[in-house]
Peer 1: 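Mind having a look at this structure? Questions to follow.
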Amino acid sequence: MALHFELVTPAKQVRSEDVHMVVVPGAEGDFGVLEGHAPFMSVIRDGAVQVYKTEGSAPEEIEVRGGFAEVGDNGLTVLAEHATDAAGE
């Protein structure tokens, strides 16, 4: 079972993939999302989105600034004002 994760900025779609879990820097604290999570919406703060591709794997971090996150029937969508991954993109 996998969570569909999308990360989008005004400039481009940064990610669209199925992953095990994502930890998002929410305005009121970090929160983790797995497949089947209840519908949820949060403003995000500047920080790192941690993407766990498989259970037990080390997370990949993507720095984000501003925006919000929405968990729905289709998975997790993070709409960020700016995102920079490990490759600096």
Side-chain angles (χ1 to χ4, degrees):
M1 295 175 54
L3 167 72
H4 187 70
F5 167 60
E6 292 194 3
L7 173 58
V8 181
T9 68
K12 65 180 180 175
Q13 182 177 45
V14 178
R15 292 289 172 89
S16 179
E17 61 187 331
D18 291 336
V19 299
H20 173 66
M21 180 175 74
V22 179
V23 177
V24 180
E28 296 183 21
D30 293 355
F31 60 92
V33 180
L34 294 162
E35 182 182 23
H37 195 287
F40 181 79
M41 185 172 264
S42 175
V43 172
I44 59 173
R45 70 179 194 287
D46 296 354
V49 171
Q50 299 175 339
V51 181
Y52 294 82
K53 296 205 182 237
T54 60
E55 186 173 357
S57 67
E60 176 183 351
E61 293 191 349
I62 304 168
E63 291 293 322
V64 294
R65 289 197 318 251
F68 68 94
E70 178 183 16
V71 180
D73 293 338
N74 296 328
L76 168 64
T77 302
V78 174
L79 301 170
E81 293 174 15
H82 182 78
T84 306
D85 62 16
E89 298 179 3

Peer 1: How many angstroms lie between CE in M21 and CD in E35, if you round to the nearest 0.5 Å?
Peer 2: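 One finds 14.0 Å between CE of M21 and CD of E35.
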Peer 1: Enter the distance from T77:OG1 to H4:NE2 here, rounded to the nearest 0.5 Å.
Peer 2: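 Interatomic distance, T77 OG1 to H4 NE2, rounded to 0.5 Å: 7.0 Å.
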Peer 1: Taking the side chain as everything from C-beta on, heavy atoms only, tell me whether E60 gets closer than 4.5 Å to K53.
Peer 2: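 When only atoms from C-beta onward are counted, K53 and E60 do touch, with a gap below 4.5 Å.
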Peer 1: Below 4.5 Å, heavy atoms only, C-beta onward: do V78 and F5 meet side chain to side chain?
Peer 2: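 Sidechains of F5 and V78: in contact.
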Peer 1: Is any side-chain heavy atom of V71 closer than 4.5 Å to a side-chain heavy atom of L76?
Peer 2: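 Yes; the side chains approach each other to less than 4.5 Å.
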Peer 1: Report the distance from atom CD of E61 to atom CD of Q50, rounding to the nearest 0.5 Å.
Peer 2: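 Taking CD in E61 and CD in Q50, the distance rounds to 5.0 Å.
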Peer 1: State, with a plain yes or no, whether a side-chain heavy atom of V24 is found less than 4.5 Å away from one of D30.
Peer 2: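 No; the side chains remain at least 4.5 Å from each other.
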Peer 1: For the residue pair P25 and D46, establish whether any side-chain heavy-atom pair is separated by less than 4.5 Å.
Peer 2: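 No - every pair of side-chain heavy atoms lies 4.5 Å or more apart.
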Peer 1: Using side-chain heavy atoms (C-beta onward) and a distance below 4.5 Å, is F68 in contact with L79?
Peer 2: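 The answer is yes; the side chains approach within 4.5 Å.
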Peer 1: Write down the atom of E6, the atom of S16, and the distance for their closest heavy-atom approach.
Peer 2: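 Looks like OE2-OG, 3.4 Å.
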Peer 1: How about CD on Q13, more than 12 heavy atoms from neighbouring residues, nucleotides or ligands closer than 6.0 Å, or not?
Peer 2: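 Yes.
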Peer 1: Would you mind reporting whether I62 and R15 have side-chain heavy atoms less than 4.5 Å apart?
Peer 2: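 Yes, close enough: below the 4.5 Å cut-off.
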Peer 1: When you check the gap from the basic side-chain N to the acidic O, do E28 and R45 get nearer than 4.0 Å?
Peer 2: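 R45 and E28: not salt-bridged.
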Peer 1: Heavy atoms only: give me the nearest G26-S42 pair and the separation to one decimal.
Peer 2: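 Scanning both residues completely, I find the closest heavy atoms to be CA-OG, 3.9 Å.
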Peer 1: Looking at P10 and A80, what are the two nearest heavy atoms and their distance?
Peer 2: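 Scanning both residues completely, I find the closest heavy atoms to be CD-O, 3.3 Å.
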Peer 1: Are V43 and V8 joined in one hydrophobic group, where the rule is that I, L, V, M, F, W and Y side chains link up if heavy atoms are under 4.5 Å apart?
Peer 2: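 No; V8 is not reachable from V43 via cluster members.
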Peer 1: Are V14 and Y52 linked, directly or through other ILVMFWY residues, by side chains that come within less than 4.5 angstrom of each other?
Peer 2: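 No, V14 and Y52 fall in different hydrophobic clusters.
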Peer 1: Does some side-chain heavy atom of V23 sit less than 4.5 Å from a side-chain heavy atom of V49?
Peer 2: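 SC-SC contact between V49 and V23 ruled out.
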Peer 1: Only one of L3, V51, L34 passes side-chain contact (heavy atoms from CB on, under 4.5 Å) with H20; say which it is.
Peer 2: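 By the side-chain contact (heavy atoms from CB on, under 4.5 Å) criterion, H20 pairs with just one of L3, V51, L34: L34.
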